[in-house]
Amino acid sequence: MSFHLYDERTGQQTEFIPLRPGEVSIYHCGLTVQSAPHLGHIRKEVVFDVLRRWLSAQGYDVTVVANITDIDDKILAKSADQGLEWYELAYAMELELHRAYAALGCQPPNYEPRATGHISEMIELTQTLIERGHAYPAEDGSGDVYFDVRSWPDYGELSNQRIDDMAPAADADPRGKRDPRDFALWKGSKPNEPATASWPSPWGRGRPGWHLECSAMSLKYLGSEFDIHGGGLDLRFPHHENELAQSRAAGHGFAKYWMHNAFVTMAGEKMSKSLGNGTVVTEVTQQYPARAVRLYLLGPHYRSAIEFSPTSLAEATAQLDRIDSFLGRAGASGQVDFELAQLPGDFVEAMDDDLGTPAAVAVLFDTIKQGNRALDAADRASADQALTQVRAMLHTLGLDPHDPVWAGSAGDDLTSAVDGLVALVLEQRSQARARKDWATADAIRDQLAAIGLTIEDTADGVRWSL
RNA sequence: GGUGGGUUGGCCGAGAGGCGAGGCAACGGACUGCAAAUCCGUGUACACCGGUUCAAAUCCGGUACCCACCUCCA
């Protein structure tokens, strides 16, 4: 079996066949940088990071582009409230996003274009759409340019809706639109908006509409046609539907496959900026190990909702302990020298089945059990084989503690110094144990526990961990 | 009104016609100076009502409740 994915456009699971042999191009919608990312946002990053790792593991040369929307209504409104320039807020939040990527072990995209850096590309694309009869400047002199949804017969194909069934746009005021469902490609600047937030165009000063950005930037960096377009489920409509219509109407093949991840929910409801129920990534990573958070996000399938709960995060932390305890017992060290052949067949099958991380994680734990059994039986060869498999799986999921992406969490210099200090103390304790002075031995263990060091006596000697 | 998803054991969470995914918690046992870790064992779950089938958590029909999108949202 080869990689199969659920393609949102057709509603079917299909075999993944790249447009160009050996290469995969992925575009997923980044954030509108108006506030610090919450767990739901970072779930998308983790999902697409694993997708990228999985395709890379199979030898594909993977290119990932994720945009940064650094100008929009909300950014203008929020920055005004906070007394900041819009670009100050946008950049500060972009840095927050990067911190969150790094915190959860996500590799940054190959390119991360900002909307404001691609105004001329967007103007060109808008002009093409006007020339082709799919867009028109607003008839009310606002300087807006709209996409004419009625001019594109396939409009609605991604979200499986018919134009006439769609609820009319909430703003009943159609402004200069021919149909209330027409959407803005270009927004004429308004008198109350800062001068720095508008750019010259054939239709007067203004700024691009949100949907247009992704069409223009994917075209620039990935070409007229690319493999996979991803994003959160809430982008399916209207954002992705609109992107698809625009790009196709402009003569581009656009995305071959569409993947959407489900939400992180809070008391059953979607975590979102507008509901204000989001849990900011940095708050979570302060309370739980970052790798446990990542494991928690990969536990359920990417198309299932994840309910946020401290209990689940605590369970993920316990799972991580189980993993790390095995790695410690089996003597894992250094970076993984990964080969696809090291992965168990069931794991490969799970990942090929639409990125089935739940089944993949189950294989991981099965293998850990086998490895532990082998260690109990002093079967070093089997234990080593299990260790190799476990580390290959962890590497694929981005969970290997020795992966460079986690390097920031413990400096090597510090680790070796602590190592030496702990060894000194443990030497005292083992002397006490040798003379059966259990009180002293236990007191040392308790004191180390009080500062966060766990001591375990094993057949192979004493092991400690933070 | 349109479109899509969900309801699984104490908890989380997979699966999608027939062998109890996996984890957490709990209980019993092995090991251990004690602890920890580890291993072994213990569970008769699939919202409700009908139907199809030798066999249904899984398929079909219906009911209830929940969620998402159709407005900025990962």
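Everything quoted here is computed from the prediction, not taken from an experiment. Every chain is numbered from 1, with letters handed out A, B, ... down the list of sequences. No hydrogens, no waters, no symmetry mates; every other heavy atom, side chains included, goes into these values.
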Side chain A:D164 and base B:rG1 donor-acceptor under 3.5 Å: no
statement: Answer for the Watson-Crick or wobble partner of B:rG1, both distances under 3.5 Å, is B:rC70
query: Is there a Watson-Crick or G-U wobble partner for B:rU58 with both distances under 3.5 Å, and if so, which one is it?
result: none
- prompt: What orientation do A:W54 and A:F347 show, parallel under 30°, tilted 30 to 60°, or perpendicular over 60°?
  reply: perpendicular
Atom-pair distance (CZ on A:R43; P on B:rA74), nearest Å: 15 Å
message: So, under a plain 3.5 Å distance rule, would you say the side chain of A:R445 forms a donor-acceptor pair with the base of B:rC34?
response: yes
- prompt: Base, sugar-phosphate, or nothing: which does A:V47 touch, judged by heavy atoms less than 4.0 Å apart?
  reply: nothing
message: For a quick test of reading the model: is some side-chain N or O of A:K270 closer than 4.0 Å to OP1 or OP2 of B:rC69?
response: yes
message: What's the gap between B:rC54 and B:rC67 when it is taken at their P atoms, as a whole Å value?
response: 41 Å
query: Taking the six-membered ring for Trp, are A:F254 and A:F226 parallel (under 30°), tilted (30 to 60°) or perpendicular (over 60°)?
result: perpendicular
message: Base, sugar-phosphate or nothing for A:G30? Non-hydrogen atoms, less than 4.0 Å.
response: sugar-phosphate
message: For a quick test of reading the model: is some side-chain N or O of A:S304 closer than 4.0 Å to OP1 or OP2 of B:rA14?
response: yes
query: Under the criteria of a ring-centre distance below 5.5 Å and an interplanar angle below 30°, is A:W438 stacked with the base of B:rG33?
result: yes
- prompt: Think A:R303 has a side-chain N or O under 4.0 angstrom from the OP1 or OP2 of B:rG6?
  reply: no
query: Hey, does the side chain of A:N160 come within less than 4.0 Å of B:rG4's phosphate (OP1/OP2), counting only N and O?
result: yes
query: When you check the phosphate oxygens OP1 and OP2 of B:rC40, does a side-chain N or O of A:K369 lie under 4.0 Å from one of them?
result: yes
message: With a 3.5 Å limit on both atom pairs, tell me what B:rU42 is paired to, counting Watson-Crick and G-U wobble, or say none.
response: B:rA26
task: Tell me which nucleotide among B:rC24, B:rA74, B:rC72 gets nearest to the side chain of A:D234.
output: B:rA74
query: Checking A:R322 against A:F365: charged group under 6.0 Å from the ring centre and within 45 degrees of the axis?
result: no
- prompt: Closer to the 5' end of RNA chain B via nearest nucleotide, is it A:Q370 or A:T454?
  reply: A:T454
query: Just checking A:N261: base, sugar-phosphate only, or nothing, at a heavy-atom cut-off of under 4.0 Å?
result: base
query: Does the B:rC31 base have a donor-acceptor partner in the side chain of A:D376 within less than 3.5 Å?
result: no
- prompt: Is A:G268 touching bases, backbone alone, or none of the nucleic acid, heavy atoms closer than 4.0 Å?
  reply: sugar-phosphate
- prompt: Is any N or O donor-acceptor pair between the side chain of A:R433 and the base of B:rG33 shorter than 3.5 Å?
  reply: yes
field: Nearest listed nucleotide, side chain of A:L31, among B:rC24, B:rA74, B:rG22
entry: B:rA74
- request: Scan A:A377 against the nucleic acid and name what it touches under 4.0 Å (heavy atoms): base, sugar-phosphate only, or nothing.
  value: nothing
message: Distance check, C1' atoms only: B:rG17 and B:rG22, in whole angstrom units.
response: 23 Å
query: Closest to the A:P300 side chain: B:rG2, B:rG33, B:rG13?
result: B:rG13
- prompt: Checking all strands, does A:Q161 fall into the base, sugar-phosphate, or nothing category for heavy-atom contacts under 4.0 angstrom?
  reply: base
